[in-house]
Q: 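I'd like to ask you about the structure that follows.
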Amino acid sequence: PVNHGDGNEIWDLVPGQEALTLVNHDSDEEMASNGVAYSPNGQRLLATGMSTTPNIWDVQTGQKLLTLAGHTGRVRTVDWSTDGTLVAAGGEDDNAIIWDASTGAVRFTLTGHTDIIYSLGFSRDSSRLATASLDGSLRIWDVKTGKLVHTITEEGVAGFYGVAWSPDGLHIATTTVGVDPQHGGHIYILNALTAETERDTALGDTGVLANPKY
């Protein structure tokens, strides 16, 4: 999917033609989307504009299936659990919300961050959710209970921007920006079970805004 204008365009990669355009008609969704995530079976798409309500779309028909309510600030990031049962979003109200992907019912509202949640991601076994925030912390949550498992901070880090789980669920890669040019940006590899830092790669005086990929 491609974020463009006031909607999401889905392109057929062979032969490279536009297959479907999903247009947000809501008045607060007139800007380009912030985040998109496919369902594991590829039949549905979770997308958010500059609004408080992500939508779930049918990829084949372009029909809007669900509007996910609960956020009070603009949504910045979305993800779909690997088992297909849950979706999550975080953003400018400093909270993350987990919904039932079939019904749109709120499972949990995850509170505790004190600044924008810039990125989030489910572990590969769908048991954990990691949230990266501009408050200088990365948090790991238990998806079944909604309870906080770990709060991770690093010296000199002003904000966590990206998050990616390793396929075995034992590690998390995250990108950061420093409190000043002296500290700069870093890529951290964290132990997802203990929250300990396993590797720290300094990137100089600029932060890294994009998600890392495992």
Q: Would you check if L65 and R44 make a side-chain contact, meaning some heavy-atom pair closer than 4.5 Å?
A: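 Yes - at least one pair of side-chain heavy atoms lies under 4.5 Å apart.
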Q: Please report the shortest heavy-atom distance between D125 and S123, naming the atom on each side.
A: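 That closest heavy-atom pairing would be OD1-OG, 2.7 Å.
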Q: Could you go through the side-chain contact (heavy atoms from CB on, under 4.5 Å) check for L86 and V143 one step at a time?
A: CA-CA 9 Å; L86 301 172; V143 169; 3.1 Å; yes
Q: Please confirm whether the backbone N or O of G112 pairs with a side-chain atom of R139, one donor and one acceptor, at under 3.5 Å?
A: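 Present.
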Q: Taking all heavy atoms of L138 and all of A132, pick out the closest pair and write down the distance.
A: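 Scanning both residues, the minimum pair turns out to be CD1-CB, 4.4 Å.
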Q: Could you measure the distance from the CZ atom of F160 to the NE2 atom of H186? Nearest 0.5 Å is fine.
A: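 One finds 10.5 Å between CZ of F160 and NE2 of H186.
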Q: If only atom types and distance count, is the side chain of T175 paired as donor or acceptor with the main-chain N or O of I187 below 3.5 Å?
A: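 No, T175 side chain to I187 backbone: no donor-acceptor pair under 3.5 Å.
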Q: For S126 and T82, indicate whether the former's side chain and the latter's backbone hold a donor-acceptor pair under 3.5 Å.
A: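 It does hold such a pair.
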Q: Would you kindly confirm whether L190 and L170 end up in one hydrophobic cluster when ILVMFWY residues are joined by side chain heavy atoms under 4.5 Å apart?
A: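 As far as the 4.5 Å side-chain criterion goes, L170 and L190 are not connected within one cluster.
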Q: Which distance, rounded to the nearest 0.5 Å, do you find between the OG1 of T145 and the NZ of K147?
A: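 Going from OG1 on T145 over to NZ on K147, the span is 6.5 Å.
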Q: Measuring from atom CH2 of W57 to atom CG of L45, what distance do you get when rounded to the nearest 0.5 angstrom?
A: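 One finds 9.0 Å between CH2 of W57 and CG of L45.
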Q: In sequence, state the C-alpha distance, the side-chain angles, and the governing distance for L148 and I140, and then conclude on side-chain contact (heavy atoms from CB on, under 4.5 Å).
A: CA-CA 6 Å; L148 179 64; I140 302 174; 6.0 Å; no
Q: When you look at Y118 and T77, which way does the side-chain contact (heavy atoms from CB on, under 4.5 Å) test go after all the steps?
A: CA-CA 6 Å; Y118 200 87; T77 177; over 6 Å; no
Q: Checking side-chain polar atoms at under 3.5 Å, does N55 have a donor or acceptor matched by the opposite partner on T67?
A: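 Short answer, yes.
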Q: Whether the side chain of R76 engages the backbone of G35 through a donor-acceptor N/O pair (distance < 3.5 Å, no angle test) should be reported.
A: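 No; judged by distance alone, with no hydrogens or angles, the pair does not exist.
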Q: Is it the case that the side chains of E198 and N191 hold a donor-acceptor pair, with the cut-off being a distance below 3.5 Å and no angle test?
A: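 Yes, a side-chain donor-acceptor pair sits under 3.5 Å.
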Q: Is any side-chain heavy atom of L129 closer than 4.5 Å to a side-chain heavy atom of I98?
A: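 Answer yes - side chains close enough.
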Q: Could you tell me whether R128 and D142 have a side-chain N and a carboxylate O separated by less than 4.0 Å?
A: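 Looking at R128 and D142, the cut-off is met.
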Q: Using modelled atom types and a 3.5 Å cut-off, is there a donor and acceptor pairing between side-chain atoms of T174 and backbone atoms of G162?
A: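 Yes, because the side chain of T174 sits within donor-acceptor range (under 3.5 Å) of the backbone of G162.
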Q: I56 vs L68, test: side-chain contact (heavy atoms from CB on, under 4.5 Å). Steps then yes/no.
A: CA-CA 8 Å; I56 294 178; L68 305 174; 4.3 Å; yes
Q: Counting only N and O atoms by type, is there a donor-acceptor contact under 3.5 Å from the side chain of S133 to the main-chain atoms of S137?
A: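 No; judged by distance alone, with no hydrogens or angles, the pair does not exist.
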Q: Report yes if the side chains of D100 and T85 come closer than 4.5 Å at any heavy-atom pair, otherwise no.
A: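 No - every pair of side-chain heavy atoms lies 4.5 Å or more apart.
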Q: Can you give me the closest heavy-atom contact between W141 and T111, atom names plus distance?
A: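 Taking W141 first and T111 second, the nearest heavy atoms are CH2-O, 3.2 Å.
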Q: Identify the residue among T48, T52, D93 that makes a side-chain hydrogen bond (donor to acceptor under 3.5 Å, both in side chains) with H71.
A: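 Result: among T48, T52, D93, D93 is the only option passing the side-chain hydrogen bond (donor to acceptor under 3.5 Å, both in side chains) with H71.
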Q: Do the side chains of T53 and V75 get nearer than 4.5 Å, heavy atoms only?
A: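 Of all side-chain heavy-atom pairs linking T53 with V75, none is under 4.5 Å.
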Q: Less than 4.5 Å apart, side chain to side chain, heavy atoms only: is that true for V177 and Y161?
A: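 Heavy-atom side-chain distance check passes, below 4.5 Å.
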Q: I'd like to check Q43 versus Y38 (side-chain heavy atoms, cut-off strictly below 4.5 Å). Are they in contact?
A: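 They are not in side-chain contact.
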Q: Could you tell me the separation between the OG atom of S39 and the CG atom of D83, rounded to the nearest 0.5 Å?
A: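 That separation rounds to 11.5 Å.
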Q: Minimum heavy-atom separation for G90 and L120, please, with both atom names.
A: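 Result for this residue pair: N-CD2, 3.4 Å.
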Q: Nearest 0.5 Å please: distance from the CD1 atom of I152 over to the OG1 atom of T176.
A: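 Answer rounded to 0.5 Å: 12.5 Å.
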Q: Heavy atoms only: give me the nearest A130-W165 pair and the separation to one decimal.
A: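 That would be CB-NE1, 3.7 Å.
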Q: If you measure from CG on D94 to CD1 on I116, what distance do you get to the nearest 0.5 Å?
A: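 Between D94 CG and I116 CD1, I get 7.5 Å after rounding to 0.5 Å.
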Q: What are the two closest non-hydrogen atoms of S81 and P40, and how far apart are they?
A: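 Taking every non-hydrogen atom into account, O-CG, 3.3 Å.
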Q: Between E154 and T197, do the side chains contain an N or O donor and an N or O acceptor separated by less than 3.5 Å?
A: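 A donor-acceptor contact under 3.5 Å links the two side chains.
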Q: Would you indicate whether the side-chain heavy atoms of P54 and W99 approach each other to under 4.5 Å?
A: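 The answer is yes; the side chains approach within 4.5 Å.
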Q: Determine whether a donor-acceptor pair (N or O, by modelled atom type, separation under 3.5 Å) exists between the side chain of D135 and the backbone of H113.
A: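 Here the side-chain-to-backbone pair does not exist.
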Q: Are any of the side-chain heavy atoms of L110 and I97 separated by less than 4.5 Å?
A: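 SC-SC contact between L110 and I97 ruled out.
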